[in-house]
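Positions are given from 1 along the sequence.
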Amino acid sequence: MRKTTTTPADLARQIGRIPGPGTREVSSDMETQTTDVIQTTGVVPTTGVIEGAGPVTRPGERPTVRLRDEDDAAQEPPRYAPEWLRLREPADADARAIDLLDPLRIRLANLPGRTGGLVVHDLGCGTGSMGRWLAPRLDGPQHWILHDRDPYLLHFAAVGSPRVAADGSRVTVETRRGDVARLTPDALVGASLVTASALLDVLTREEIDTLAAACAGAGCPALLTLSVAGRVELSAENPMDEEMAAAFNDHQRRGGLLGPDSVTAACEAFADHGASVKVHPSAWRLGPDQAALTAQWLRGWVGAAVEERPELAARAEKYLAARLAACAAGELHVTVHHSDLLALARPTGGA
């Protein structure tokens with residue numbers, strides 16, 4: 001996916017709160033050691049990280065997503081720090097709408113022509129949090145195809161992927177590097193399900209329509225979670241809350257991206273392609289137990305608002321200091337609203 005705006009994680013790293021990915025040296029014997037360090041310290045080492053994992057496209061095989069040119073890939077910096085994705089994963093898991101799972105299970109159980117396990121394409125997979133959340137909640141053998149443009153994130157996704165489904169069936173994984181913004185026409189042939197987290201709000205209207213058309217063509221459902229809704233609630237209301245939210249939302253719309261308008265656009269696009277659509281709220285509800293995430297989110301949220309409206313800078317500095325002090329004291333509660341979308345495309349008989 002193309003993204004021209006700065007994410008909260010980017011802004012947090014810029015002020016020294018979240019370390020960047022660091023040096024990427026390939027070493028075949030470091031996978032287990034690296035994973036152990038992450039689990040015990042919560043910090044990704046700056047050396048010894050394998051650059052990517054999983055099979056590569058074989059000669060003559062059509063890629064499932066349009067890959068970037070190698071020169072572009074070498075020059076483009078990483079979009080998300082794995083530290084940020086790891087920090088937010090528990091809140092994401094708590095927020096996702098479990099009410100959408102029953103209609104999804106019913107559709108998956110009745111896919112026409114299904115003779116084997118599920119084939120799930122996870123777009124913009126990051127470190128693989130969607131697979132870790134969803135695979136253990138679905139029955140039957142599953143093969144997950146994890147797509148991301150960053151080989152560093154794909155490594156963590158592959159290492160941390162689940163191995164067992166809800167009923168004990170096997171879960172297998174492969175990774176594919178590429179930009180998910182533009183799918184090839186036959187990208188999802190054979191797919192049982194498309195998933196994504198925090199993806200819709202960093203797409204344009206055209207890209208969302210392309211995604212909806214691809215799902216409709218394959219006759220496969222799509223579970224697209226944790227899209228920003230543009231609403232934030234903080235305890236002990238401050239007059240600047242609304243200013244910050246409005247400026248942040250405008251920042252999210254830079255470059256033609258849909259930001260908080262993405263779910264409405266996706267509902268329209270999938271409906272136009274004949275899918276039935278269900279939307280359910282999936283808010284982060286952050287309190288003292290999530291203070292580290294809240295603090296990082298605050299820095300990024302305020303930073304993006306000031307980047308959009310520099311005239312806020314002086315007041316924003318005092319605002320952020322007060323909010324961070326309340327967070328450190330365990331007095332701050334934040335609700336960050338998101339939406340989850342389940343699109344049930346008309347079965348084509350070939351899924």
For this session: Please step through side-chain hydrogen bond (donor to acceptor under 3.5 Å, both in side chains) for the pair Arg96 and Ser197, ending with a clear verdict.
Result: CA-CA 9 Å; Arg96 286 192 182 95; Ser197 290; 2.9 Å; yes
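For the pair Arg107 (side chain) and Pro347 (backbone), a donor-acceptor distance under 3.5 Å is absent. Judged by distance alone, with hydrogens and angles left aside, the side-chain atoms of Asp340 form no donor-acceptor pair with the main-chain N or O of Ser282 at under 3.5 Å. No side-chain donor-acceptor contact under 3.5 Å links Asp201 to the backbone of Pro260. The backbone N or O of Arg149 sits less than 3.5 Å from a side-chain atom of Arg177, completing a donor-acceptor pair. Between the side chain of Asn249 and the main chain of Ala245, a donor-acceptor pair closer than 3.5 Å is present. Proximity of a side-chain donor or acceptor of Ser262 to a complementary backbone N or O of Leu258 within less than 3.5 Å is not detected.
Note: Ser339 OG to Leu224 CG = 11.5 Å, rounded to the nearest 0.5 Å.
Comment: Arg132 does not engage Asp92 in a salt bridge, judged by the lack of any side-chain N to carboxylate O separation of less than 4.0 angstrom.
Defined by atom type and a distance below 3.5 Å, a donor-acceptor pair is missing between the side-chain atoms of Asp94 and Trp284.
Taking the six-membered ring where tryptophan is involved, the planes of Tyr152 and Phe156 are perpendicular, since the angle between them exceeds 60° and thus also 30°.
With hydrophobic clusters built from ILVMFWY side chains whose heavy atoms lie under 4.5 angstrom apart, Val173 shares a cluster with Leu138. Hydrophobic clustering, with ILVMFWY side chains joined whenever heavy atoms are under 4.5 angstrom apart, keeps Leu211 apart from Val228.
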